[in-house]
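The structure presented is a predicted model; accordingly, all values stated were derived computationally and were not measured. As the structure lists them, so they are numbered: ligands from 1, and atoms in each ligand from 1. Note: hydrogens, waters and symmetry copies are ignored here, and every other heavy atom, side chains too, is used.
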Amino acid sequence: MKVLMNAGPWLSIPPPGYGGIENVVATLVPALRERGVSVVLAAAGSSTLEVDELVRVYDEGQFPELQKPYNQVMGIAHAHQARVVAELRARDDIDLVHDHLEVVGPAVLSAFGGPPVLHTLHWDLRKHPAFYGSFPPSIAVNGVSESQLARAPEALRAASLGAIHLATPLADGDVRAERGEHLVVMGRICALKGQHVAARICQKLGLPLVLAGPVCGRDSAAELDVVAQNPYHPLHNHPDVRYHLDQVSRYLDEELVRWVGAVGGQARDHLYASARAALFPLQWDEPGGTAVVEALALGVPPVGLRRGCLPEIIDHGRTGFLADTEEELAEWVLRVDELDPEECRREARRRFSPSVMAERYLELYEQVARAPARA
Ligand code: UDP
């Protein structure tokens, strides 16, 4: 089987640091290729993932552009998708398109009518009610958690082929690190991820906390400063920038609570694997939770608020803790050493390994490819 894997134009595959969907694609592709699938990857030209062919419009990932106003960036996703369609028109050897590009992917591909398409929904599905509420049935879709699909508009839920949980190569168990004292929040710095809650809790309890992640595509304090110091910068009033400046930075003190910017590669793995626990004080219904799955795989117990996909991933009291309020979360944070890191790793190997995810996608690919030809 030959699959065109459309990762979109935003970040290299694998991403050098932050990158939720890009990490999923980087996890899935090698496991598919081990199972004999040929993969044509449509992504930023800077991608280094081993594939059979790379299709690209942009040499570099366009993620830093994504935060600009819509009328300045709307052409990026469309230019990328137009290239994907041109590729599909020019050849007849693609058996299936596995698409990960938000809205533009399914909108364009359902109108095109080429090879069968499976589009994976990685997002909060209440985001685009007009689009998802009248979803085109000529595209097959799947979600990344049951709770995500449960909140989807009826038309989309009805069209969906179910949920496949995310996975991580860290589940293979190669990364080990001595346990340090710090707790960690790994993810985009934004109000939805609730870094300010983690900072407030850790400051109150006197526990060291490391916040890792970009702010609005800015990877370091120096890059963020450029935005913060210039009131005319297009991102100066972006909600994520304001969130960091107004609600997170007040807790940063270089001793107890630190923001280290976006981390990648071995530095990310080491920082994450040496944490005492990973905190998820989510202020939204997280759809997929790559960082949660990664924490389990590294033997770092996840502790979070009972929202979104967390109850599907974390078994409270065995592989992590779930709380209903900030106060309860603080109480569980004090008890993280009661959890067994090996139990977390075992769970990740059993449920969130690349091979488990690849097997499930292969079943879906076969189901979608076998479906009667589309109108
Ligand atoms: N991440 C990273 N470096 C950072 C912050 C995050 O490598 O500094 C990675 C993290 O390990 C995870 C991904 O970025 O693989 C974030 O994915 P998640 O689904 O948690 O977040 P979202 O896609 O919602 O931003």
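Distances below 4.0 Å separate heavy atoms of G213 from the following atoms of ligand 1: 4 (C), 5 (C), 8 (O). Near A262, meaning under 4.0 Å from one of its heavy atoms, ligand 1 places the atoms 8 (O). Near R268, with a cut-off below 4.0 Å to any heavy atom, the atoms of ligand 1 are 2 (C), 3 (N), 7 (O), 9 (C), 10 (C), 11 (O), 15 (O).
Of the candidates K193, R188, M186, the one placing a heavy atom closest to atom 18 (P) of ligand 1 is K193.
If you check which protein heavy atom lies closest to atom 10 (C) of ligand 1, you get E294 OE1, 3.4 Å. Among all non-hydrogen protein atoms, the one lying nearest atom 14 (O) of ligand 1 is G19 N, 3.2 Å. At the shortest separation from atom 1 (N) of ligand 1 among protein heavy atoms lies Y18 CA, 3.6 Å. In terms of protein heavy-atom proximity, atom 17 (O) of ligand 1 is nearest to G20 CA, 3.4 Å. For atom 3 (N) of ligand 1, the closest non-hydrogen atom on the protein side is V263 O, 2.7 Å.
A distance-only check finds a donor-acceptor pair linking the side chain of T325 to the backbone of E328 [under 3.5 Å].
Inspection of the E312 and S147 side chains reveals an N or O donor paired with an N or O acceptor under 3.5 Å. Using modelled atom types and a 3.5 Å distance limit, the side chains of N142 and T120 yield a donor-acceptor pair.
Not one N or O of W284 is nearer than 3.5 Å to an N or O of ligand 1, by distance alone. Of the polar atoms of T290, at least one N or O is found under 3.5 Å from an N or O of ligand 1, judged by distance alone. Between G187 and ligand 1, no pair of N/O atoms sits closer than 3.5 Å. At least one N or O atom of G17 sits closer than 3.5 Å to an N or O atom of ligand 1. Residue P214 places no N or O, backbone or side chain, under 3.5 Å from any N or O of ligand 1.
Within a 6.0 Å sphere centred on CD of E255, other residues, nucleotides and ligands contribute 12 heavy atoms or fewer.
Ion pairing of K2 with D95 is absent here, as no side-chain N (NZ or NE/NH1/NH2) approaches a carboxylate O to less than 4.0 Å.
Taking the centre of each ring, Y243 and H196 come in below the 6.0 Å mark.
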For residues 54-66, dump all side-chain donor-acceptor pairs below 3.5 Å to protein atoms at least two apart in sequence or in another chain.
residue	atom	partner	partner atom	Å
Q62	NE2	E60	O	2.9
E65	OE1	K68	NZ	2.9

Can you give each donor-acceptor pair under 3.5 Å made by side-chain atoms of residues 201-219, sequence neighbours left out, with the distance rounded to 0.1 Å?
residue	atom	partner	partner atom	Å
Q203	NE2	Y251	O	3.4
R218	NH1	C216	O	3.3

Worked check of salt bridge (Lys or Arg N to Asp or Glu O under 4.0 Å) between R188 and D240: CA-CA 9 Å; R188 272 180 298 144; D240 295 357; 5.2 Å; no
